[in-house]
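Contents: one structure, followed by commentary.
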Amino acid sequence: MSSSTSKLLIPLHVQYIQSLGESKDDLLYHLTAHLRMNAIYWGLTALNIMQHKDALSRTEMIDFVVSCWDDEAGAFGAHPDHDAHLHATLSAIQILIMQDALDRVDVDRVVKFILSLQQPSGVFAGDQWGEVDTRFLYCAVNALSLLGRLHELDVEKTVGYLRQCRNFDGGFGAVAGAESHAAMVFVCTAALAILDRLDEIDQETLGWWLAERQLPNGGLNGRPEKLEDVCYSFWVLSSMSILKKIRWVDADKLIGFILSAQETEHGGIADRPGDQPDVFHTHFGVAGLSLLGYPGLADLDPVYCMPAKIIERMGLRRDWEALPRKTE
Amino acid sequence: MDESQSATTPLERLGKLLIIPPLSIEVIPGDGSDGPPDWLSDADQQAYRPFLYVEGHLGVPRKVLYKAYAVAVREYAKLRPSPRSASSPIDAERLAHLSAVILLANPAHQTALNTRKQLFSSGLLDTSKELQFLSALLVVRECSKESLLWHHRRWLLRRIVTTDVVANARCIRQEDTLRDTVLSTETLRSEFAIVAQACETYPRNYFAWIHRYLCLEALVMLARSPTPFQQAYRSLLLEEVLFARTWIERHISDYTAVHYFCNMHLLLLRQEDIPLPIDAARTLDLDHIDNLTLRTALYAHAKSLLASYPEHETMWLYLRAAIYICGTPDVYAADPYGAHDHGLGAPAPSKLLVLTHAERHRAWLRRAST
């Protein structure tokens, strides 16, 4: 490993995130409009963890979030004139909380939107058109919790669906019957953590499945016999952190893998070494490093995937365990 | 000359070609400036430039597609009606073209797909054409793994079977499942074929296999229902058992297929009545079909594949899954495979890998029995 990737290049990654909004004429910018709100949340969270939370303009960001309000639906879309969706709505709430501007949200309307999306089986749709997925269930539970309205949720019904998604290997899929996948394991585990129902998980078996995601090169994959990818540093690690089994992963090897995926000229982190970086992998790489105790980073709450300090202040901290922060 | 040839801009031409719809779509490298090959030199083909359109198969140069996309999103933003459900027929046609181009370049563009649902609900799009358009899209690599498109397929399938307006309105609130949808064997066979293609295009295709599973759930229910078509459904179900088993044999790193096959067994074994046709035992090389023979056959299949491919983690996981489905305590009590011995016999480069898998399997057995 070259010396240039033996540490986290924080100033470079901050610059990378700052540069993302600049090329508005780029094809890539237009091809990613449908997830702009999510991208801003990824960027802002990464900046917070890297202790540069003011690197982007607060007022511009808040104005953008507000401009994505879909008044027909009573929720947020990913971009102005994009339809409301649960995922974009969660990201909007998370951004506004991190920017201390939650007063800009019509909470009653958003709660109504979220609750209207629960299906008879207990799963949530992402919007009125009905695609269901445990990812949307997590978005709903997380958002309601952040808005202080979790008590309005039918918890038994929600947990009932999660139970149906549990596979024999201890993992969870996107819908009942789907293969275990680390991203879905995260959303189901975190949702159950918020609902105080971790008893629904066979924690030993799931911990085992999660530990088996680590490959000889130190990276983590999302399913058996798939390639390693930096984003699983978050999905897998946060689940293990919630199950208090983070020590079942070889931390040094994983840190080495994440650092080797950095782009050393213009910044950002890619899915694996040599590939193009993007804000998604930058965020999840930094998030993983924070959970692994990498020095110089702020603590990340693995349940909400937000700065731990903010979640603690809101009284929402659950019983999870990250590795202790190393000193430089 | 047909409509798509007389349209003036590449965006207009592409939009009209996409809503025919084509039988297949391929995004090809380049910008189409070198024109169609000589063997396609008739006037019709020249008029489709820069696109290729031969016997229903559409070729779209990548650079042209992205340029068209950039224009399409701007025009789409201007044209979207407010409220969303109100479109004049002229605007509706244009929205259909624009949203088709947008989705080909960016299959995750949810809002464009929502527009198509709105057009459909207003009676301005045709079910079978929309299903064909989706079939063509789902073979394009970047599109084939997009969960939105698979959901859109099921959304349409639920509407094929309910042409009456009242039932249709109820459908909109209906959950994303095919369990209570009466699909014909031809429709199910067609869905299975599209999923198989998408999984060849993009291995371990997560949402394609989910779609297959949801179709399978519907099929198993129909095979258990006493209708005039019960035997036809049972025959199709047997075909599907063979398909899944063969797929695993040909894709030995495909744990998604293993998961599917095991879940298939859980569906078949859920009730006493195993909904397979009378000749199933002969086809599956079994004395007779019952709970025990099916589970035993699953375990034997897993064990034999593991013996052939012990370097593959998937094969070890297949055995674990089979052990779970067979599920008696004594199965856990011993290493049923003798994996360690096999490891010793493996060729040198993979010996360490095989032994690692074997050790892990033993540890898993010990953990499972405590």
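Below, chain A is the first sequence line, B the second, and so on; all start at residue 1. Quantities reported herein were computed from a predicted structural model and do not represent experimental measurements.
Most heavy-atom pairs under 4.5 Å with chain B, from the set A/V175, A/T32, A/T205, A/D169: that is A/T205. Options B/Q110, B/R204, B/E217, B/K67 differ in how many heavy-atom pairs under 4.5 Å they form with chain A, and the most are formed by B/R204.
Proximity to chain B is limited to the side chain of A/H85, based on heavy atoms less than 4.5 angstrom apart. Heavy atoms closer than 4.5 Å to chain A are found nowhere in B/A70, neither backbone nor side chain. For B/H152, no part lies under 4.5 angstrom from a heavy atom of chain A. For B/Y213, the part lying near chain A is the side chain, with the backbone staying farther off; criterion is any non-hydrogen pair under 4.5 Å. Of the atoms belonging to B/A363, heavy atoms from both backbone and side chain fall under 4.5 Å from chain A. For chain A, the nearby parts of B/S147 are the backbone and the side chain; heavy atoms of each come within less than 4.5 Å. The contact between A/L31 and chain B is made by backbone and side chain atoms together, counting heavy-atom distances below 4.5 Å.
With contacts defined as side-chain heavy-atom distances shorter than 4.5 Å, the pair A/W129/B/L148 does not qualify. In this structure, the side chains of A/D83 and B/R80 come closer than 4.5 Å at one or more pairs of heavy atoms. Using a 4.5 Å cut-off on side-chain heavy atoms (C-beta onward), B/N114 and A/D127 make contact. Within the 4.5 Å cutoff, the side chain of B/L266 has no heavy atoms near those of the A/F168 side chain.
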Practice task
Assess whether side chain to side chain contact (heavy atoms under 4.5 Å, CB included) is satisfied between A/N167 and B/Y324, documenting all intermediate values.
Solution key: CA-CA 11 Å; A/N167 294 313; B/Y324 170 77; over 6 Å; no
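Counting heavy-atom neighbours within 6.0 Å of B/R179 CZ, excluding the residue itself, gives a total of 12 or less. Heavy atoms of other residues, nucleotides or ligands lying less than 6.0 angstrom from NZ of A/K157 number more than 12.
Nearest heavy atom pair, residue A/A174 against residue B/Y206, reads N-OH, 3.0 Å. Considering all non-hydrogen atoms of both residues, A/R223 and B/T256 come closest at NH1-OG1, 3.2 Å. Nearest heavy-atom pair, B/N263 versus A/G177, reported as atom, atom and distance to 0.1 Å: ND2-O, 2.9 Å. When all heavy atoms of B/Y69 and A/H30 are compared, the closest pair comes out as OH-O, 3.0 Å. Nearest approach of B/T314 to A/E225, heavy atoms of both residues: OG1-OE2, 2.6 Å. Of all the heavy atoms in A/W208 and B/R360, the pair that sits closest is CZ2-O, 3.9 Å.
Judged by distance alone, the side chain of B/E313 and the main-chain N or O of A/P224 form no donor-acceptor pair under 3.5 Å.
Between B/K117 and A/E131 there is no salt bridge, since none of the side-chain N atoms of the basic residue sits less than 4.0 Å from a carboxylate O of the acidic one.
The aromatic rings of B/H109 and A/H82 sit tilted relative to each other, their planes meeting at an angle between 30° and 60°.
A/H181 NE2 to B/H259 NE2: the interatomic distance, rounded to the nearest 0.5 Å, is 12.5 Å. From A/D133, atom CG reaches atom CD1 of B/I210 across 7.0 Å, with rounding to the nearest 0.5 Å.
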